[in-house]
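As the structure is a computational prediction, the values presented were derived from the model and not from experiment. The analysis underlying the following values was restricted to heavy atoms, covering all of them including side chains, and did not include hydrogens, waters or symmetry mates. Protein chains get the first letters and strands the later ones, always in sequence-line order, with residue 1 at the start of each.
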There are 2 protein chains.
Amino acid sequence: MTQTDKPRTLDRIDRTILDTLQKDGRISNVELAKRVNLSASPCIDRVRKLEQDGFIEGYGAKLSASKLGLGTAAFIQVTLDRTTGAVFDQFRDAVVNIPEVAECHMVAGGFDYLLKLRLSSMEAYRAVLGRIVDLPGVLQTHTYVVIEKVKQDSGLPV
Amino acid sequence: MTQTDKPRTLDRIDRTILDTLQKDGRISNVELAKRVNLSASPCIDRVRKLEQDGFIEGYGAKLSASKLGLGTAAFIQVTLDRTTGAVFDQFRDAVVNIPEVAECHMVAGGFDYLLKLRLSSMEAYRAVLGRIVDLPGVLQTHTYVVIEKVKQDSGLPV
DNA sequence: GTTGATACAGAAGTAAATGCTGCATTTTAG
DNA sequence: CTAAAATGCAGCATTTACTTCTGTATCAAC
């Protein structure tokens, strides 16, 4: 009895609120109310409820990676030496503490982890790769440098 | 002369503002001013400047993928048949219109595109994969289903 | 030393957020 | 089918926040 999404039904207005806040998360409540054709009070009631029910996990600014000197991205496939079960935990604990690692996913099919890196340059990549291959249990890695970001949705994690 | 980050220097307060808004993008300006030890007016001046200079690209709500029935994620490597140059454009135009495709990156090394999918189920995956392999120029694909999200930073695109 | 530019705090007017009351529509029970 | 209860909404009043302006301090250039 810890999760399994409650039987909460989102009506059309709730969907519009989520959609609007996903695209424009810092508009005022009255502005949001106008866009969803509601007055201010029921609008904020719905937003509070969506937050409490977990549909909205938080709000954040979308920063420019290139402006902040993190214009290079790369994916690294990592295969672990699976002789001991502790290897996975050790790898995870280590990788979350590498700031350049923007994402880390455990995947099924061929290798074990897929990492997404945000970097300032290829020199930075070399340094980070050195740290990753030295992590305990890392058997081999394969890097794919991003040449062009074709599509990037925002708002939903995972 | 189209990009190459302007010689704008971010001081400590700017960094704190970006950091604060990245984690909590819907706090009021006075609350933000308190956290960065500034009064309201210079605080909003800085935020406006950071927006105009492109450091802040926007604001958005972080929605719960599992609550919205999109708890499954997968990566798909796509290799194209590179006989014609138009193939790349055709593929990109088509893939951005598939809503399940959350990200699409053109990569160097081994294959051509890496796609990140957000899905409701494995049935949905089957349907989307069918659409992708039928796109013009697609030679082969390889899918890696995400078993566990180990790390996910937010705020910075790419 | 003077000028100019930048960054800040404080105050005033405006706008928004919050909480309350009442009304309308829908649900549930009888 | 009717009556009671619940839900969802708009409107209003109070509190709070936002916005713009003005004045002052700091720093750099001349």
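- Residues A:L119 and A:V96 share a hydrophobic cluster, clusters being chains of Ile/Leu/Val/Met/Phe/Trp/Tyr side chains in contact below 4.5 Å.
- The side chain of B:R46 contributes no N or O atom lying less than 4.0 Å from OP1 or OP2 of C:dA7.
- C:dT6 atom P lies 15 Å from atom CG of B:D14, rounded to whole Å.
- Atom CG of A:D11 and atom C1' of C:dT25 are 15 Å apart (whole Å).
- The distance between atom CD1 of B:I44 and atom C1' of C:dT14, rounded to the nearest whole Å, is 14 Å.
- In this entry the distance linking CG of B:D45 with P of D:dC18 reads 14 Å, nearest Å.
- Contact between A:S120 and A:L70 at its shortest, heavy atoms only, is N-CD2, 3.9 Å.
- A continuous path of Ile, Leu, Val, Met, Phe, Trp and Tyr side chains, each step under 4.5 Å between heavy atoms, connects B:L135 with B:V101, placing both in one hydrophobic cluster.
- Between the axis at the start and the axis at the end of the helix from C:dG1-D:dC30 to C:dG30-D:dC1 there is an angle of 40°, using five pairs per end and rounding to 10 degrees.
- Residues B:D89 and B:R92 are paired through a salt bridge, judged by an N-O separation under 4.0 Å between the basic side chain and the carboxylate.
- Closest of all the heavy-atom pairs between A:D153 and B:P99 is OD2-O, 4.3 Å.
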Distance-only donor-acceptor pairs under 3.5 Å for side chains of residues 23-32 of chain B, two or more places apart:
residue	atom	partner	partner atom	Å
B:K23	NZ	B:D19	OD2	2.9
B:R26	NH1	A:G25	O	2.9
B:R26	NH1	A:I27	O	2.9
B:R26	NH2	A:I27	O	3.1
B:S28	OG	B:E31	N	3.2
B:N29	ND2	B:A40	O	3.1
B:E31	OE2	B:R35	NE	3.0

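- Between the side chain of A:K67 and the backbone N or O of B:D53 there is at least one donor-acceptor pair closer than 3.5 Å.
- The same ILVMFWY cluster, assembled from side-chain heavy atoms under 4.5 Å apart, contains both A:V128 and A:M122.
- Among the nucleotides C:dT18, D:dC9, D:dT19, the one closest to any side-chain atom of B:R48 is D:dT19.
- A heavy atom closer than 4.0 Å to some atom of DNA chain C occurs in B:L38, B:S39, these being the qualifying members of residues 26-40 of chain B.
- Ring geometry for B:Y113 against B:F91 counts as tilted: the plane angle lies between 30° and 60°, on a 0 to 90° scale.
- With distances taken from any side-chain atom of A:S41 to the nucleotides C:dC8, D:dG8, C:dG19, the minimum falls on C:dG19.
- Atom CD1 in A:I13 sits roughly 9 Å away from atom C1' in D:dC9 (whole-Å rounding).
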